[in-house]
Each structure stands twice: as C-alpha cells, then as structure tokens.
Amino acid sequence: RRAGASGLRSMARQVVRNVRDTATAHAADLAELERPALEAALEARGHRRFHARQIFQWMYRRGVDDVALMTDLPRNLREEIARDFALTTPAIVLREKSADGTEKFLLRLADGKELESVFIPDTPSMTFCVSTQVGCAMACAFCLTGKMGLVRNLTAGEIVGQVRVLASALDMRNTTFNIVLMGMGEPLHNYDETMKALRILVDAHGFGMNPRRITLSTVGLLPALERLAAEPVMPNLAISLHAPTDAQRGQLVPLNKKYGVQEIIDACKRFPLGKRSRITFEYVLLAGVNDSPEDARKLAKLLTGVKSKVNIIPLNAAAGIPFE
C-alpha cells in the first residue's frame with residue numbers, strides 16, 4: 001500500500017506539472033491582444049476595463065515587459081496577470097551599426113526563428129524598418145530574403161514586438177519615428193496579422209502612431225490590395241514595381257505573371273488617397289535590365305494619372321544576386 005500511495009502521489013505531482021506546463025504554453029499573450037480584447041479579458045475576470053489602458057501604456061509607452069513593475073495596477077491583478085498571461089518580447093541576438101548610422105538588429109523569436117529589423121536615421125525622420133514574415137514567398141530575383149522561401153508568418157505581437165524592442169534599444173520612446181513594413185516578407189501575404197499589428201500601433205493608449213507615419217510596401221497582391229483600400233487604419237502605400245513592362249517585371253517579380261503591371265496601376269488609381277498623399281513606386285536600378293532612358297520614359301508614361309512619386313533605389317548587391 002505504501003508503495004502504491006507513493007506512486008499515486010508521484011503521478012499526481014506529474015499531472016500537476018503537466019497541467020501547469022500546458023497552461024503556460026497556452027497562456028494568452030499580452031503582446032497579441034488588441035486593447036478591446038484585453039479589456040474584455042480583464043472584465044471577464046472581474047477587473048475594471050480601464051486597467052487594459054494602463055497595461056498598454058506600460059508595454060508600449062514605457063517599454064516595460066515585466067508585469068510586476070506595472071506599479072499602478074492592483075497587486076492581485078499583477079499576480080493574476082503574471083499567472084494567466086504571457087508577455088513575449090523578441091530578443092536581440094546581434095546589433096550592427098554602419099558608418100551612416102543605419103543600425104541592423106537580428107532578433108530571435110520565442111520559437112527560435114530569427115528575423116531582421118533596421119533603424120534608418122534619416123533626416124528629418126527616424127525610421128524603423130520591420131518584418132512581417134520570416135522569409136518570403138514572393139521570390140523576387142534581386143532579393144536575398146526571397147531566396148529563403150517562406151518559413152512562417154509573424155504574429156501581430158511579433159511585428160509590433162520589433163517596434164517595442166527598437167524603441168527601447170535606441171532610447172526613442174519619447175521620440176517621433178516612422179515605420180516602414182519593408183523588412184523580411186510581403187505584408188499583404190500576412191494580411192490579417194499585419195492589419196492587427198497596425199491597429200495596435202495606432203492605439204491611442206499604446207504607441208499612438210499616426211497612420212501617416214506608417215508605410216506598407218507590397219509587390220502588388222491585388223485581392224489584398226483591394227481589401228486594404230477599405231481598412232479604417234490606412235497606412236501610406238508603396239508598390240514594389242521595379243520595371244515598366246510585364247516582360248521586364250516578369251523576370252524580376254514572379255507574381256507579375258499573375259497580376260500584371262497595368263492591373264496593379266489600375267488598382268492604384270482606384271486606391272483612396274488624401275489630398276496631399278501619394279503612392280510611392282519603388283524601383284531598384286539593375287544595370288542593363290531596367291535602367292535605360294527608354295525605361296524611364298516608359299515608367300513616366302505608365303504612371304500618368306496616378307498621384308505618385310518614384311523612389312529610385314540602388315541595388316544592395318550580394319552573393320547569389322545575379323545583378324549589379
């Protein structure tokens with residue numbers, strides 16, 4: 001009997017550990033919750049909804065990721081949150097700074113996957129370039145990330161988490177900055193999580209960003225671009241174009257075989273823009289491929305009637321990229 005009782009106690013302890021580990025693994029992550037969802041979660045536990053605003057301010061304005069330090073929350077609420085919720089933050093693995101002040105961050109996610117974010121100290125703007133996917137499925141011929149293929153989509157919390165990490169690492173929580181969704185991945189290929197991230201970023205009790213300070217870059221996923229046109233949170237739009245004709249662009253951007261240049265331009269003409277807003281067309285110069293005066297004339301003609309500007313980009317040459 002004694003041996004049996006001991007075995008039962010051991011089994012019971014293991015069950016408790018399993019339950020605890022399972023609960024931790026499936027705990028709601030504060031980083032993944034929009035404020036209305038957090039308000040509802042707190043209210044369901046018998047707490048006041050306004051505590052969600054306080055938590056958002058600690059996480060995003062003050063850069064605190066330890067609930068115990070959120071000192072204007074009641075102690076019992078802090079204990080309950082620490083028990084029932086996670087707060088996941090990407091970890092800095094490597095940080096490199098170039099001569100012009102541009103700084104690249106290699107970040108590791110909770111599952112061990114890694115991504116890059118970049119700080120670009122432009123004048124007069126300070127810009128965070130963040131990723132929306134690990135890898136990318138678009139396979140653009142001049143892009144190293146495209147060589148990786150798509151590993152996985154990022155969650156909204158992982159997208160916003162890059163901004164949290166960079167703002168703290170660069171001591172810029174009280175500094176105005178811009179965000180460009182131009183890092184690893186195609187934002188509109190991860191549509192729902194990208195839009196959720198935008199809503200978190202503009203929340204008045206978090207970063208409180210003006211949508212006009214956020215730019216989304218896409219190669220032109222047309223169904224998603226049409227959806228974006230109806231979103232209540234409207235970022236600036238940048239189209240990764242790179243060539244004025246289907247023959248040229250089809251060699252550079254495989255998606256062009258499905259959504260051609262003229263279809264993309266027509267969608268841009270329908271896209272809702274403010275009086276002072278323009279669509280940016282990104283154009284990487286590739287020697288002998290898309291950089292002739294005739295290409296420039298074709299591009300100018302193509303963009304006639306579109307409120308636009310063209311961003312000419314030098315190629316970031318690298319091993320494995322067959323262009324100069």
K97, NZ atom: more than 12 neighbouring heavy atoms under 6.0 Å: no

Indicate yes or no: at least one non-hydrogen side-chain atom of E34 is less than 4.5 angstrom from one of K196. yes

Tell me who clusters with L150, hydrophobic residues only, linked when side chains sit under 4.5 Å apart either directly or through other members. none

With a distance cut-off below 6.0 Å to the six-membered ring centre and an angular limit of 45° from the axis, does R227 pair with Y191 as a cation-pi contact? yes

Step-by-step salt bridge (charged side-chain N to carboxylate O under 4.0 Å, His left out) determination, E226 to R270: CA-CA 9 Å; E226 299 286 357; R270 296 191 297 270; 2.6 Å; yes

Do other residues, nucleotides or ligands put more than 12 heavy atoms under 6.0 Å from the CG atom of N76? yes

Look at atom NZ of K307 and say whether more than 12 heavy atoms of other residues, nucleotides or ligands are closer to it than 6.0 Å. yes

Salt bridge flag under 4.0 Å for residues R152 and E158: yes

Applying side chain to side chain contact (heavy atoms under 4.5 Å, CB included), name anything that partners E79, two or more places apart in sequence or on another chain. R75

Would you say the side-chain atoms of T71 and R78 include a donor-acceptor pair closer than 3.5 Å? no

Can you find a pair of side-chain heavy atoms, one from L299 and one from L241, that are under 4.5 Å apart? yes

Within the distance-only criterion (no hydrogens, no angle test), does the side chain of Y259 pair as donor or acceptor with the backbone N or O of P223 below 3.5 angstrom? no

If hydrophobic clusters are built from ILVMFWY residues whose side chains come within less than 4.5 Å, do I279 and L216 share one? yes

Would one find more than 12 heavy atoms of other residues, nucleotides or ligands at under 6.0 Å from atom CG of D111? yes

Using atom types as modelled and distance alone, determine if a side-chain donor or acceptor of K257 lies under 3.5 Å from a backbone N or O of G250. yes

D266 side chain to E263 main-chain N or O, any donor-acceptor pair under 3.5 Å? no

Any idea which heavy atoms bring L225 and A267 closest together, and the distance? CD2-CB, 4.0 Å

With the side chain counted from C-beta on, respond yes when V165 and T89 share a heavy-atom pair under 4.5 Å apart, and no when they do not. yes

Ignoring hydrogens and geometry, is there a side-chain-to-backbone donor-acceptor pair from T194 to P187 under 3.5 Å? yes

Residue pair E114 / L107, side-chain heavy-atom distance below 4.5 Å: no

Quick one: are Q262 and D246 in side-chain contact, heavy atoms under 4.5 Å? no

What residues join L94 in its hydrophobic cluster, counting side-chain heavy atom gaps under 4.5 Å, either direct or through other members? V93, L106

Would you say NE2 of H51 has more than 12 non-hydrogen atoms from neighbouring residues, nucleotides or ligands within 6.0 angstrom? yes

Side chain of S240, backbone of V219: donor and acceptor closer than 3.5 Å? no

With a 6.0 Å cut-off (strictly less than), is the heavy-atom count around CD of E324, excluding the residue itself, greater than 12? no

Just to verify, which of F142, F281, F323 counts as forming a ring pair (Phe, Tyr, Trp, His ring centres under 6.0 Å) with H242? F142

For atom CG of N316, decide whether the heavy atoms of other residues, nucleotides or ligands shown that lie under 6.0 angstrom number more than 12. no

Do I81 and M70 come within less than 4.5 Å of each other through their side chains, counting heavy atoms only? no

On a heavy-atom basis, the closest approach of P254 and L252 is CD-O, 3.7 Å

